[in-house]
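Numbered from 1 within each chain, the chains take letters A, B, ... in sequence-line order. This one's a predicted model, so the numbers in the text were calculated from it and none came from an experiment.
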Amino acid sequence: MAELQPVRGTHDLLPDDMRAHRHVSDRARDVAATHGFDEVATPIFEFTNVFARTLGDTSDVVTKEMYTFEDKGGDMLTLRPENTAGVCRAFISNGLAQHAPVKFFYSGPMFRHERPQKGRMRQFHQIGVELIGAPQPLADVEVIACGRAILEALGIADNTVLELNTLGDTDSRQAYRAALVEYFSGHADKLSQESKDRLERNPLRILDSKDEGDRKLVADAPVFSDYLNPESVDFFGTVKEGLDALGIAYRLNTRLVRGLDYYCHTAFEFTTEMLGAQGTVMAGGRYDGLIEQLGGPSTPGVGWAAGIERLSMLVGEQAPAADRPVVVVPMGDAAERQALVSAKVLRDAGIRAEYAFSGNMKKRMKHANKVNAWAALILGDDELARGVAQLKTLDDGEQREVPLDDLAAACHRG
RNA sequence: GUGGCUGUAGUUCAGUUGGUUAGAACGCCGGAUUGUGAUUCCGGAGGUCGUGGGUUCAAGUCCCAUCAGCCACCCCA
């Protein structure tokens, strides 16, 4: 294991990356707030059971992707692979049922032991929202609308498509699942090896297989809509009407399935063609059974999560650049002392200010240029004696005298 | 977990059929006389060629292993 190398699938966020991340999470937080979602933070690790009991023991996440370890007290802990389970655990732990419905926004790191590739890391970052305690289909609409508004605020909504499906309620899903298993079992010899495994673990997944032989079988497979009971059909209908009312376009995709067991009714994904194989940018759905499975009171929920790295890639160059500073350039001992004070005055006024304290004048100006300053504030003995400084704007090279006792006003850009 | 491609200065890359002191660009550092940057000119530093083995008189160039990156499958954000 090479030292001085980041752990596989992790990466450092240097200032440019960090700024892009902050841009995404800050905009998302603001937009979520306008939709009534308040930010929460839950621990990045939980007892392993929190995930094992909610994600389903056949899911890939639980069977092979969790970072699980035993702590010194002998407890089995897991670095969170996603945050819905953690937020629901917090909902139960804090007795929030009495405040339901609650609306939460979160942002933070997640961990999955997967093979890294484009848009997929072992430590990655997600933002997400959860609306817990609202059984109404309009809650689904609100959650989707919030997600869509965030994509719009980031300027990337046009690069994505909302795919929508319903998994029905428990009865519908189980009936359909049984029908699927019966159908595919009859053709098991023609299924790909992967789909044979899926037949055991998650038969709905076969519908989305990329294998050509599978696809032929899928073409004649039972259709979900035939198994949806009236309640489920009504629920989905209301969701679609809500989206229509908001002018949110969507594409129905009956093959859109969820790998995690707790989903029911609405399932949706905002996808893009611009990120290679990892096209899902924001994904979510309804999870009415989850909180009960965790041992809490039967409580419905709906939410989504989105990968900050993937969103950042879509945002690309549109992310804002760093603030350009004013660089204070003193020449002489007395000026250096004055420079400390002048920089503080600027900083107190909310202006980004730096010093150039080393080398001759030329070096200092060079430094100002290197840190992308928009102006240099030059302070020499002359100026000091007269209570002024030279403010040189670096883009046009123009220089003018400004009074030291009114620096902040003189150094505002514009 | 499976498969394909890749790994040479801080960065992006070049390195001919294996053959002497491994190159470029950009970046970095220094200089072109006095208190003015980014443009120009001159100079300099910086690489045990991912790592470990092997073949050979000789390996950055060939072979094996290992680590890492990229891409795809699986799955997902």
Side-chain angles (χ1 to χ4, degrees), chain A residues 1-11 14 24 55 58-65 80-84 107-128 147 160 192-195 197-198 201-202 205 208-211 256-260 269-272 275-284 303-314 327 329-332 335 356 358-384 389-399:
Chain A
M1 181 182 316
E3 309 293 332
L4 302 183
Q5 194 168 268
V7 173
R8 185 170 201 191
T10 67
H11 62 183
L14 298 180
V24 169
L55 301 178
T58 57
S59 71
D60 272 39
V61 170
V62 168
T63 52
K64 52 188 200 197
E65 294 174 3
R80 63 186 185 189
E82 55 91 46
N83 205 28
T84 300
S107 170
M110 307 293 160
F111 306 84
R112 259 122 93 158
H113 191 103
E114 298 183 274
R115 188 87 171 254
Q117 77 183 73
K118 184 182 177 74
R120 193 162 85 183
M121 276 80 62
R122 289 185 173 179
Q123 176 177 340
F124 60 106
H125 300 80
Q126 287 187 331
I127 53 173
T160 67
S192 66
Q193 185 54 48
E194 276 159 1
S195 285
D197 295 341
R198 286 192 270 238
R201 294 166 32 199
N202 192 346
R205 275 263 164 243
D208 208 15
S209 174
K210 288 171 185 168
D211 181 87
L256 178 60
V257 202
R258 288 274 88 112
L260 307 181
E269 286 183 10
F270 285 90
T271 61
T272 180
L275 295 182
Q278 263 60 46
T280 302
V281 138
M282 176 182 282
W304 53 255
I308 296 181
E309 283 83 356
R310 292 184 187 176
L311 291 171
S312 287
M313 283 192 276
L314 279 184
V327 170
V329 180
M331 292 306 293
S358 109
N360 55 26
M361 183 84 181
K362 186 181 185 120
K363 288 266 173 54
R364 297 181 187 205
M365 290 303 290
K366 233 173 170 151
H367 175 76
N369 202 65
K370 203 169 84 179
V371 299
N372 194 30
W374 68 272
L377 188 73
I378 302 162
L379 267 171
D381 292 337
D382 273 8
E383 286 84 3
L384 214 50
Q390 303 290 337
L391 182 70
K392 178 169 187 173
T393 50
L394 296 179
D395 288 342
D396 59 15
E398 288 192 19
Q399 188 165 312

At 4.0 Å (heavy atoms only), tell me whether [X] reaches a base, stays on the sugar-phosphate, or touches nothing.
X	result
A:Gln193	nothing
A:Met313	nothing
A:Gly279	nothing
A:Gly276	sugar-phosphate
A:Ala368	nothing
A:Glu309	nothing
A:Arg364	nothing
A:Gly397	base
A:Asp382	base
A:Gln399	base
A:Met282	sugar-phosphate

Please give the distance between the [atom1] atoms of [N] and [M] as a whole number of Å.
N	M	atom1	answer
B:rA59	B:rC41	C1'	41 Å
B:rG47	B:rA24	P	15 Å
B:rG37	B:rG44	P	24 Å
B:rU39	B:rA32	C1'	15 Å
B:rU56	B:rG18	P	16 Å
B:rG69	B:rG53	P	23 Å
B:rG7	B:rA14	C1'	15 Å
B:rA22	B:rU16	P	15 Å

Compare every heavy atom of [Y] with every heavy atom of [X], then report the nearest pair and how far apart it is.
X	Y	answer
A:Pro81	A:Met110	O-CB, 3.9 Å
A:Met313	A:Gly119	CE-CA, 3.6 Å
A:Phe111	A:Phe124	N-CE2, 4.3 Å

Polar side-chain atom of [X] near backbone of [Y] as donor-acceptor pair, under 3.5 Å:
X	Y	value
A:Arg364	A:Gly359	yes
A:Arg120	A:Gly9	no
A:Arg122	A:Pro116	no

How many whole angstroms separate atom [atom1] of [X] from atom [atom2] of [N]?
X	N	atom1	atom2	result
A:Asn372	B:rA38	CG	C1'	11 Å
A:Lys363	B:rU34	NZ	P	12 Å
A:Glu398	B:rG37	CD	C1'	15 Å
A:Asp381	B:rU34	CG	P	17 Å
A:Asn202	B:rC74	CG	P	14 Å
A:Asp396	B:rU36	CG	P	18 Å
A:Lys362	B:rU40	NZ	P	13 Å
A:Gln278	B:rA72	CD	P	7 Å

Can you figure out which of [options] approaches the side chain of [X] most closely?
X	options	answer
A:Ile378	B:rC73, B:rC75, B:rU36	B:rU36
A:Arg310	B:rG37, B:rA77, B:rG35	B:rA77
A:Glu194	B:rA77, B:rG1, B:rC74	B:rC74
A:Lys370	B:rA77, B:rC28, B:rG35	B:rC28
A:Gln5	B:rC75, B:rG37, B:rA68	B:rA68
A:Arg115	B:rC75, B:rG3, B:rG69	B:rG3
A:Glu114	B:rU36, B:rA77, B:rG30	B:rA77
A:Lys366	B:rA38, B:rA68, B:rG1	B:rA38

Under the ring pair (Phe, Tyr, Trp, His ring centres under 6.0 Å) test, which residues partner A:His11, sequence neighbours left out?
none
Roughly how far, to the nearest 0.5 Å, is CE of A:Met282 from OG1 of A:Thr271?
12.0 Å
With a 3.5 Å cut-off and heavy atoms only, can you find an N or O donor on one side and an acceptor on the other between the side chain of [X] and the base of [N]?
X	N	answer
A:Lys392	B:rU36	yes
A:Glu65	B:rG1	no
A:Arg120	B:rC70	no

In this structure, which stretches of RNA chain B are paired as stems of three or more consecutive Watson-Crick or G-U pairs, both distances less than 3.5 Å?
B:1-7 with B:67-73, B:10-13 with B:23-26, B:28-32 with B:40-44, B:50-54 with B:62-66
Are [X] and [Y] side-chain neighbours, meaning at least one heavy-atom pair lies under 4.5 Å?
X	Y	value
A:Trp304	A:Ile127	yes
A:Leu394	A:Met365	yes
A:Glu194	A:Asp211	no

Result for 5'-nearest mapping on RNA chain B, choosing between A:Phe124 and A:Lys118, is A:Lys118
Find which nucleotide of RNA chain B each of A:Asn369 and A:Pro6 is nearest to by heavy atoms, and output the residue with the more 5' nucleotide.
A:Asn369
